[in-house]
Structures are given as C-alpha cells and as structure tokens.
Number of protein chains: 2
Amino acid sequence: MSEPINILLAEDEPALGQIIKESLETRNFKVLLCENGQIAYDAYLKEKPQLLVLDVMMPKKDGFTLAKEIRMEDDTIPIIFLTAKSQTQDVVEGFTIGGNDYLKKPFSIEELIVRINNLLDRTKLQKNSEVLIIGDYIFDFPKQTLQFREEASIQLTHREAHLLFHLMKNKNEVLDRSLILNKLWGTDDFFAARSMDVFITKLRKKLKQDDSIQIVNVRGFGYKLIC
Amino acid sequence: MSEPINILLAEDEPALGQIIKESLETRNFKVLLCENGQIAYDAYLKEKPQLLVLDVMMPKKDGFTLAKEIRMEDDTIPIIFLTAKSQTQDVVEGFTIGGNDYLKKPFSIEELIVRINNLLDRTKLQKNSEVLIIGDYIFDFPKQTLQFREEASIQLTHREAHLLFHLMKNKNEVLDRSLILNKLWGTDDFFAARSMDVFITKLRKKLKQDDSIQIVNVRGFGYKLIC
DNA sequence: AACGAGTGTTAACTAGTGTTAAGCGATTGG
DNA sequence: CCAATCGCTTAACACTAGTTAACACTCGTT
C-alpha cells in the first residue's frame, strides 16, 4: 500500500468534523482537523497537506478567504469547500477555481470520497509534463512557445506564457482574476487588471486558429479556458 | 440485478402507505415510508433517495411545501405527487415542475410504477452531457455558445447560459420561478425577478430562429421550455 | 552614449453585461 | 367589466471587460 494522503479538514462544528475525520481515516487518509480558518492556515504552513477540505462558514476566518491565502502559497493544491445550502450558485462557482470543488451540506461521506479521489487524480495528471496540448496547439511552457499543427512555433513572452500556463492548469474551470493578478503581478489593483486584460486579448489572438479553444470571461470572477 | 432504487414515500394515511410500500418492494424498490412532511424532510436529508412520492394533503407539512424545500437542495430529483381529486387541475400542473409528475387518487399501483420508471429514465438521460440539443440549436454550456444549424455560434453571457441550462434540464416541464431565482440570484425579491424577466426576453430573442422552441410562462409558477 | 528590438504598462476609447426603471400588455378573480 | 396582479419589453444606467496605441523601461549591440 502506498503512503496515506494527508488531508487538512477545517470544520468548526466539532461533531461533524469528527465524523468526517473518522470516516476518512477508515479509508486510509490521514486527517488533520482544525476548528477554524486561522488555525487551519497555520496548520497548512506546518504540515503542507496534499488536499484541503474547508467549511465555508467558520469563525475567525471563512473558507473562501482561507483558500485565497493558501492559493498564494500553492496554486495547485486541490480544495473542496463544504457549503451551506444558502450559498448562491454564482458565488460558489466563482470559487470553484484552480482544482477546487464544492459539496453542499448535507452530503454523504461517499460523495466526499468520490470528489477527493477525482481531484487527486486530476492533479496527479497535471504535474508530469510542462509541455501541454491545447486543442490543435502544442504549448511548451519552459521554451515559451506555441505551435499550431505543423506550422512554425510562435514565441510567447514571459507574461503570456505564465498566464496561459495558469489557464491551462485550470482548463475548463474558472480561474480567479484576483488570484492570478496577485500571483503574476503581485497586486490586483486597477492597473494590473487593465494589463491583464491586454494579455488576455493577446492570448486570444494567438489561440484563434483553433476555434474550439476559447477564453471565456465569467463576469466578476475570472476566466475559463475551454478546450 | 442492479442496485435497488431508493424511494421516499410520504403518506399520512397508514393503511394506504403500507400498501404502496409493500407493492413497490415486490418490484425491487427500497421504500422508506414517512407519515408526514416534516418527518419526510428529515428522512430526505439523511437518506438521499433517488425519487420521492409525496402525498399532497398531509399534516405538519404538505407535499407541495415539502417539494419546494427539497428542490432547494436538489433540483433534479424526480417527484411524484399523490393528489386528491379535489385538487384543481391548475395548481397541480403548476407544481409539475422539474422532473415532477402527479397521480390522482385513487390510482392503481401499476400506474404508479409506470410513472416511476418514466421519471427515472428521463433523469438518467439528462445527466450525461453538457452539450445540449435544443431543436435546431446546439447549446454548449461550458463554452456558453448557441449555434443555429450551420451558422456561426452566438456567444451567451454567463447568466444567459445558466438560465438556459436550467430550462433545458427541465425541458417540457415547469421550472419554478423562485427556485431558479434563489439558485442563480441568491434571492427571489422584486428586483431579481425583474432581472430574470429581462433574461427570459433575451433568451427568447436568441432562440426565435427555431419557432418550435418556446419559453412558455406558467403564471404564478415559472417557465416551461418547449422543444 | 546612442540605438533599436523586445516587453510590459498606462491611457483612452469602445464594447459588453447585468440591474433598475418605467410603461405597456395579458390574465385572473371579483 | 374592472381592478389587481403578474409578466413582457425597451431603454437608461453603472460597472466590468476588451482593444488599440502610445509610452516607458530593459537589455544587448554598436
């Protein structure tokens, strides 16, 4: 048997937290239970788990805020949010970013296990190669080149390559605007946002030869690379 | 033989409830009988059945109210209402929303079985694809595009795509107004409702090339996408 | 130092999206 | 038939995103 997967579980309701923890442990996961977002962040820094399960509604620091902070450190770690039924579709969707998923309370443990395994599978696949296939393009991230079918490669700039790389890592999911701004520009102020607009335009131009590829805007949240 | 289907049956009259339960169990369904709407709701949360059979007239919580609450959690679960003959046609029809059906008392067990199987088939078909055929249109939900025959695709906005997606998931059935408002807008207040009106208008415009498609209003309840 | 190519930012303008408002039309119950 | 309610449509508005071009900076070359 392989190494157990480390999971960080942030859930303020002790009874529920304990049930989830024990259920996951019977499935051979190692679970670290934290009772609020603040504690969870410190635990994250110390333990570096492979996956996070975060309750959205928590005292001290809510799950979304916590996720944003952790995403600054690591933008590939899979996160599953536990949401109350009152959360609206749009908000939850906006946060379903970068290897995230969500589960509405109440849920069955089986549902949770399925999502955990899905996310772990997905992230495993991503890690291997730095040469990515986008529709009819081949994107070589280290070389910063983009090749359409058998045509000559186009050189991408540093910014273009990084932006595309992040879009690719979250393909078919919404990539959060402010997340990527903080990651690549170090700020999400007005000017950085305008600058990003420009790069989105540039990428769209360079990707338009295959019209099955689209960078779709999700108003208020970010972009989704469809391919 | 495959897994038995879990059915939640809410029926306040013990004798009738028991008959239905036993009849369904001989057909290899698993039936959980609840004696009122309140108990049924708790049982729903705990058991997550695949289909609901709800008596409309029940003490504590009637079938329609119960259905509305459950629809907040899950807008795809099939529901069959058992109605007294005194229920007016209109009210019953209004609640025949999102994978719902109804059966007038008295009914034969065979009628009930037929409806159960119909609804289960229908929901199974829907689940798979995110690219949907609407008459002569192809609706690609992830790409947020709508293509009429061989013409160029029209780009839909985020809201338009979501609204259309929900209409499609419940095509030829009534989609409840407040349900969709809560789901997409997070509230069903006056302004959200006006906003939704606008989007219905927009979708109607974009779908008018195929006049076999219609978004029909059901006054007081919601909309039905006919195609 | 002066030049030029390449890269990214700032600016100005244009376009798109969703909400609010207002007036009109349709349906229903009394 | 009238009044009340609900739905439809258009347009104005505020906000967000997209596009283009000018500008500024860096870096290597002359």
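Here is how names work: the chains are called A, B, and so on, in the same order as the sequence lines, proteins then strands, and each is numbered from 1. What's counted below: heavy atoms across the whole structure, side chains too, no hydrogens, waters or symmetry copies.
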Answer yes or no: is there a side-chain heavy-atom contact under 4.5 Å between [X] and [Y]?
X	Y	result
A:L82	A:Y102	no
B:D140	B:Q144	no
A:Y223	A:L167	yes

Please list, in 5' to 3' order, the outermost nucleotides of DNA chain D lying under 4.0 Å from any heavy atom of chain B. D:dT5 to D:dT10
The side-chain contact (heavy atoms from CB on, under 4.5 Å) partner of B:L54 among B:I80, B:L66, B:L9 is B:L66
If you draw a 6.0 Å radius around CD in B:Q209, do more than 12 non-hydrogen atoms from other residues or ligands fall strictly inside? yes
Per-nucleotide protein contact along nucleotides 17-26 of chain C, 5' to 3', at a 4.0 Å heavy-atom cut-off (B base, S sugar-phosphate only, - neither), is BBBBS-----
Taking the ring centre of each residue, are B:H162 and B:F141 less than 6.0 Å apart? yes
With a 3.5 Å cut-off and no angle check, do the side chains of A:S212 and B:K143 form a donor-acceptor pair? no
